[in-house]
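Structure record follows, encoded as structure tokens.
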Amino acid sequence: MLKISGKVVLLFSFVIQMGLSAQNKMMFSSKPFAMGGTEQSEFKANTPIYGRIVLDKPLKQYCKNPSKKYDNVPNGYARKFCIKPTDRNEEYEVAFDAIFSTNYNIQLTFADLEKSYIDFDVMPSNEEATTVYEDWEAPFMSFANADLELGKKSHFAIQVYTEYNESNSDIIGLKSRGDLYIDYTNSTSESQENWYNQCKKAKELASSNALKNVGKTALQDASKLPLPSCFSKGTNPGYKSPENSVAKITAMIKQKYGVTEVLKLTFDKPDGVEDFRTLVDANTNVPSAKIGNHVFYFAFKDKDGSYRFSGGVLKKDHVGYGKFGETYIQDYSPIQGEEKYPKDIIRDANGIYNVFVFDGSKLK
């Protein structure tokens, strides 16, 4: 009977769990896969190209700390994912045409980590570009490069830069490579420059296009969730002073969030008897601010007719000599540990945090 040591079994189990031996499928299309694109491998220069990596499990299962936001990505995103065109063929029995090979980092949201695929733009149209690449770089720098050998059909490959993803994003063991052919038979330096500039413009539009698409998805996801529990708090009437009345707070919410309709303003249980308590710097023993003793939650109808909810608390910063500045709303998370409501990433990207999407029809 064959005996296998415990260490060998554990190592084999780890390899299987992390998918280190798996080669996930990468494919390409002339139309975004999310919009009905179908797999193809040959393209004409100056036409759109989009990619998809089909995974054998949700992307978050390849990630260490899938709920962690990494510091090397902007607000609204979770971590980055690196791909690169390649002419290296040591691992494959295929000779690829030479190409400018560099790293292209895709910004991934937490919603992306839930999916069992990764969509990315290769050479998108202005209207359909949605991949947010790091800085100013994107694949147009490789495929619309005027230094390519023109006048023929070229065979290229794009691969997942596994080592980079592991060391920079803690995405472990995700491997993939896809082949594509681009026909440059009728291409010129001028047509390459035009394609380059068009895809560069598309890259600049991708962020706003992506936000619109994420907003649509968020509404669909929110419809499956119940009314947020923060609206089932008690009957705390809130602040006592007329200058901090419900009407005044409602007006402040409208101004801060750029809306005209605020609904269901609800106060949590008080943190003190008075309206405010003073915060004191532990090192200098000097007041730093006055913070409200009444956290509140609210919903509002956004400009597109959809609904958001958030939370806040009144605050006054110390301006010196025992005086405090104007009262303002400090962001406060309304999430009470329940379901993960979709985040309003447009506001988040603009520095207004803790705003979430929900189904306003459930608000009665």
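- Atom NZ of Lys233 is surrounded by more than 12 heavy atoms from other residues, nucleotides or ligands within 6.0 Å.
- The side-chain heavy atoms of Leu263 and Tyr307, taken from C-beta on, include a pair separated by under 4.5 Å.
- Defined by atom type and a distance below 3.5 Å, a donor-acceptor pair is missing between the side-chain atoms of Tyr70 and Asn168.
- In this structure, Phe96 has its ring center at least 6.0 angstrom away from the ring center of Phe156.
- No hydrogens or angles considered: nothing links the side chains of Tyr184 and Asn46 as a donor-acceptor pair under 3.5 Å.
- If you check the side chains of Asn105 and Tyr161, you find no donor sitting under 3.5 Å from an acceptor.
- Note on Glu42 versus Lys153: salt bridge recorded, some NZ/NE/NH1/NH2 to OD/OE distance being below 4.0 Å.
- Taking the side chain as every heavy atom from C-beta outward, Leu363 and Phe358 approach each other to under 4.5 Å.
- With respect to the salt-bridge test (charged N to carboxylate O, under 4.0 angstrom), the residues Lys315 and Asp331 do not qualify.
- Lys201 NZ: 12 or fewer foreign heavy atoms inside a 6.0 Å radius.
- At a cut-off of 3.5 Å, with distance as the only test, no side-chain donor of Tyr133 or Asp121 sits close to an acceptor on the other residue.
- The pair Glu261-Lys303 does not count as a salt bridge, with every side-chain nitrogen at least 4.0 angstrom from each carboxylate oxygen.
- Not a single donor-acceptor pair under 3.5 Å links the side chain of Ser30 to the backbone N or O of Pro48.
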Would Asp56 and Tyr62 count as a side-chain hydrogen bond (donor to acceptor under 3.5 Å, both in side chains) here? Give the steps. CA-CA 10 Å; Asp56 59 346; Tyr62 285 93; 2.4 Å; yes
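- A side-chain donor from one of Tyr50 and Glu128 sits under 3.5 Å from a side-chain acceptor of the other.
- In the model, Tyr164 has no side-chain atom that pairs as donor or acceptor with a side-chain atom of Asn103 under 3.5 Å.
- Nearest heavy atoms, Glu166 versus Gly173: OE2-N, 3.0 Å.
- Between the side chains of Ser306 and Arg308, at least one donor N or O lies within less than 3.5 Å of an accepting N or O.
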Pair Phe28, Tyr181 - check ring pair (Phe, Tyr, Trp, His ring centres under 6.0 Å), show working. CA-CA 10 Å; Phe28 303 98; Tyr181 295 84; over 10 Å; no
Stepwise, does the ring pair (Phe, Tyr, Trp, His ring centres under 6.0 Å) test hold for Tyr257 with Phe300? CA-CA 9 Å; Tyr257 295 90; Phe300 60 83; 5.4 Å; yes
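- Geometric assessment of Lys200 against the ring of Phe140 yields a negative cation-pi assignment under the 6.0 Å and 45° thresholds.
- Ser142 places a side-chain N or O within donor-acceptor distance of the main-chain N or O of Phe100, the cut-off being under 3.5 Å.
- A salt bridge is defined here as a Lys NZ or Arg NE, NH1 or NH2 lying under 4.0 Å from an Asp or Glu carboxylate O, and Lys152 with Asp97 meets this definition.
- One finds the CD atom of Glu137 at 8.5 Å from the NZ atom of Lys203 (value rounded to the nearest 0.5 Å).
- A cation-pi contact, defined as under 6.0 Å to the ring centre and within 45° of the axis, links Lys290 to Phe324.
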Is there a ring pair (Phe, Tyr, Trp, His ring centres under 6.0 Å) between Phe309 and Tyr341 once you walk through the steps? CA-CA 10 Å; Phe309 73 104; Tyr341 291 86; 5.2 Å; yes
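- We find that Glu134 and Lys80 are joined by a salt bridge, their nearest charged nitrogen and carboxylate oxygen being less than 4.0 Å apart.
- In this structure, a donor-acceptor pair under 3.5 Å is absent between the side chains of Ser191 and Asn194.
- Although no hydrogens or angles enter the test, the distance criterion places a donor-acceptor pair under 3.5 Å between the side chain of Ser101 and the main chain of Pro85.
- A donor-acceptor contact closer than 3.5 angstrom is absent between the side chains of Asp271 and His294.
- Side-chain polar atoms of Glu149 and Ser154 form no donor-acceptor pair below 3.5 angstrom.
- The shortest non-hydrogen separation linking Lys175 to Thr162 is CG-OG1, 3.6 Å.
- Closest of all the heavy-atom pairs between Pro58 and Glu114 is CB-O, 3.8 Å.
- Nearest heavy-atom pair, Val122 versus Gly51, reported as atom, atom and distance to 0.1 Å: CG2-N, 4.0 Å.
- Within the model, atoms OG of Ser187 and CG of Leu150 stand 5.5 Å from one another, a figure rounded to the nearest 0.5 Å.
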Could you pull out every donor-acceptor pair under 3.5 Å between side chains of residues 275-286 and any protein atom, sequence neighbours left out?
from	atom 1	to	atom 2	distance (Å)
Asp275	OD1	Lys240	N	2.9
Asp275	OD2	Lys240	N	3.3
Asp275	OD2	Ser241	N	3.0
Arg277	NH1	Gly292	O	3.2
Arg277	NH1	Asn293	OD1	2.7
Asp281	OD1	Asn283	N	2.7
Asp281	OD1	Thr284	N	3.1
Thr284	OG1	Val286	N	3.3

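- A salt bridge is absent between Lys248 and Glu243: the closest approach of a Lys/Arg side-chain nitrogen to an acidic carboxylate oxygen does not fall below 4.0 angstrom.
- Among all heavy-atom pairs drawn from Tyr297 and Phe231, the shortest one is C-CE2, 4.1 Å.
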